[in-house]
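Comments concern the structure below.
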Amino acid sequence: MRVIAVVVTYNRRELLKRTVECLRQTPGLAGIIIVNNSSTDGTGDWLAEQKDLQVITQSNVGGAGGFCAGMKRAYQDGADWIWCMDDDVFPRPDCLEHMMVYAKDGVGIVSPRRMMDGEIFTTEFQGYNFTNPFGSTYEGKLRKQSVTEALEIQGAAFEGLLISRHLVEKIGYPNKDLFIFYDDTDYCLRAVRAGFKIIYAPDALLDKQKFFDQATWVERNRKKRWKRFYQVRNGAYLNHHYGENFGVRYLRSFINVAGYMAIAATSALCSNSYKLADVARFWRAYRDGIKEQLGILPPLE
């Protein structure tokens, strides 16, 4: 069974080094592909010295574009399973071994258990809700459960997902035009609708880096400000594309963006976490989402 790892990185050289070292200690890997989204922190120079890595250097097309490119290369290299992750997760030496237990016919994706500061970190879920505009998109969230054995889920993050070649043959690659946010949700949903299983493997562990733990609310939102517009747009796209009624296609995302617009307007008056111009930016993000107009958003001022 040929397994190739794909890691997407952007300006996090030291974290990438740790991820690569973990992969080098993982038995059974046939190769490691690093997708460098034009990092400017010396990542490219370091990668040029690593003779055991296959490197793809491209413009910054986000995590979605990075996984799309990396999965294509792994598929072309004959991978039976493609192990995808960001540069801020660190697989334990036996993580892949535990996931391969479930790498069987009919299974499209195997998801590991993520740990952060010694505690379980999970955003995985067991179902979708595209009928109730006032409810969450996700049902059966694992964070509300005590999971001790492998179980079937329907959604997981691109942080250690093991993806079958058969799934790629059936549904293709992640939607690169999403850039960041919901690319993993969209891919998992397409997998489930194509008849594949997604298995959560709690014995397969990888550690996740913790960010902004000492930052204030204002600092966190200022650092994440540019991401919020992708979050609003792509959430609106997901609801519009898959929604089963008018309420989900339009109202659910409208409620979400209205909240962000209110926060931006209020915060702009009393802090520097948002600007007043962001109110209009959020509205454009919502409008682009329901029009299913994706791609890279204009840079913020």
Side-chain angles (χ1 to χ4, degrees), residues 10 37 59-68 86 123 125 127-139 141 154-158 173-190 192-193 212 217-301:
Y10 177 70
N37 279 344
S59 61
N60 186 8
V61 289
F67 286 119
C68 181
D86 291 318
T123 55
F125 54 94
Y128 297 87
N129 170 13
F130 288 115
T131 59
N132 179 6
F134 302 105
S136 172
T137 304
Y138 313 117
E139 296 180 335
K141 297 177 182 178
Q154 293 196 3
F158 271 134
Y173 302 99
N175 185 345
K176 60 183 177 59
D177 291 327
L178 290 169
F179 193 77
I180 60 168
F181 288 118
Y182 294 103
D183 50 324
D184 38 24
T185 302
D186 178 73
Y187 198 73
C188 287
L189 179 53
R190 288 159 53 196
V192 170
R193 293 194 168 190
F212 307 134
W217 183 90
V218 170
E219 290 171 334
R220 288 196 302 272
N221 280 277
R222 187 172 63 249
K223 291 177 180 178
K224 294 182 177 181
R225 171 174 165 248
W226 67 274
K227 296 182 179 181
R228 298 303 185 199
F229 303 99
Y230 283 102
Q231 192 171 11
V232 166
R233 186 201 62 184
N234 293 352
Y237 162 80
L238 195 80
N239 286 320
H240 185 269
H241 192 75
Y242 296 106
E244 298 178 19
N245 54 54
F246 180 91
V248 173
R249 289 194 292 270
Y250 296 95
L251 182 57
R252 175 187 277 170
S253 300
F254 176 80
I255 294 170
N256 182 51
V257 74
Y260 273 113
M261 291 168 68
I263 291 172
T266 304
S267 300
L269 298 176
C270 58
S271 75
N272 61 355
S273 56
Y274 285 104
K275 298 181 179 181
L276 280 176
D278 291 339
V279 176
R281 290 191 183 98
F282 275 124
W283 178 253
R284 287 195 296 271
Y286 164 76
R287 183 188 59 194
D288 288 348
I290 61 175
K291 290 182 177 180
E292 302 196 11
Q293 295 177 348
L294 305 178
I296 299 176
L297 294 174
L300 297 181
E301 299 172 358

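Below, all heavy atoms of this structure are taken into account, side chains as well, without hydrogens, waters or symmetry copies.
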Could you pull out every donor-acceptor pair under 3.5 Å between side chains of residues 253-260 and any protein atom, sequence neighbours left out?
{"residue": "S253", "atom": "OG", "partner": "N239", "partner atom": "ND2", "Å": "3.0"}
{"residue": "Y260", "atom": "OH", "partner": "Q231", "partner atom": "OE1", "Å": "3.4"}

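- The ring-ring contact (aromatic ring centres under 6.0 Å, His included) test with Y230 is passed by exactly one of F282, F181, F179: F179.
- Between the CG atom of L178 and the OH atom of Y237 there is a distance of 6.0 Å, given to the nearest 0.5 Å.
- Contact of the R190 side chain with the Y242 side chain is registered, since non-hydrogen atoms from C-beta on lie closer than 4.5 Å.
- Legend: residues meeting side-chain hydrogen bond (donor to acceptor under 3.5 Å, both in side chains) with D278, ordered by chain and number and at least two apart, are R225, R281.
- Residues meeting the ring pair (Phe, Tyr, Trp, His ring centres under 6.0 Å) test with F246, sequence neighbours left out: Y250.
- Residues forming a side-chain hydrogen bond (donor to acceptor under 3.5 Å, both in side chains) with T123 (at least two apart in sequence, or on another chain): R114.
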Worksheet item: Can K176 and V61 be said to form a side-chain contact (heavy atoms from CB on, under 4.5 Å), step by step?
Response: CA-CA 7 Å; K176 60 183 177 59; V61 289; over 6 Å; no
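- Separation of atoms CZ (F229) and CZ (R284) is listed at 8.5 Å; rounding is to 0.5 Å.
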Worksheet item: Given L251 and F134, is the side-chain contact (heavy atoms from CB on, under 4.5 Å) satisfied, shown in steps?
Response: CA-CA 8 Å; L251 182 57; F134 302 105; 3.6 Å; yes
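- Scanning for ring pair (Phe, Tyr, Trp, His ring centres under 6.0 Å) contacts around W283 gives Y286, with sequence neighbours left out.
- No hydrogens or angles considered: nothing links the side chains of Y182 and N175 as a donor-acceptor pair under 3.5 Å.
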Can you give each donor-acceptor pair under 3.5 Å made by side-chain atoms of residues 287-300, sequence neighbours left out, with the distance rounded to 0.1 Å?
{"residue": "E292", "atom": "OE1", "partner": "H241", "partner atom": "ND1", "Å": "3.1"}
{"residue": "E292", "atom": "OE2", "partner": "H240", "partner atom": "ND1", "Å": "2.9"}
{"residue": "E292", "atom": "OE2", "partner": "H241", "partner atom": "ND1", "Å": "3.3"}

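- Residues passing the salt bridge (charged side-chain N to carboxylate O under 4.0 Å, His left out) test with R228: none are found, sequence neighbours excluded.
- Heavy-atom minimum distance, G63 versus D183: C-OD2, 4.0 Å.
- Every residue two or more places apart in sequence or in another chain was checked for a side-chain hydrogen bond (donor to acceptor under 3.5 Å, both in side chains) with Y10, and none qualifies.
- The two residues S273 and S267 come nearest to each other via the heavy atoms OG-CB, 3.3 Å.
- The ring pair (Phe, Tyr, Trp, His ring centres under 6.0 Å) check on Y187 picks up nothing, with sequence neighbours excluded.
- For the side-chain hydrogen bond (donor to acceptor under 3.5 Å, both in side chains) test, no residue two or more places apart in sequence or in another chain qualifies with N60.
- Atom CG of L269 sits about 5.5 Å away from atom CG of L276, to the nearest 0.5 Å.
- With sequence neighbours left out, F125 forms a ring pair (Phe, Tyr, Trp, His ring centres under 6.0 Å) with Y128, Y138.
- Listed by first then second residue, pairs satisfying salt bridge (Lys or Arg N to Asp or Glu O under 4.0 Å) with a partner in residues 237-254 number zero, not counting sequence neighbours.
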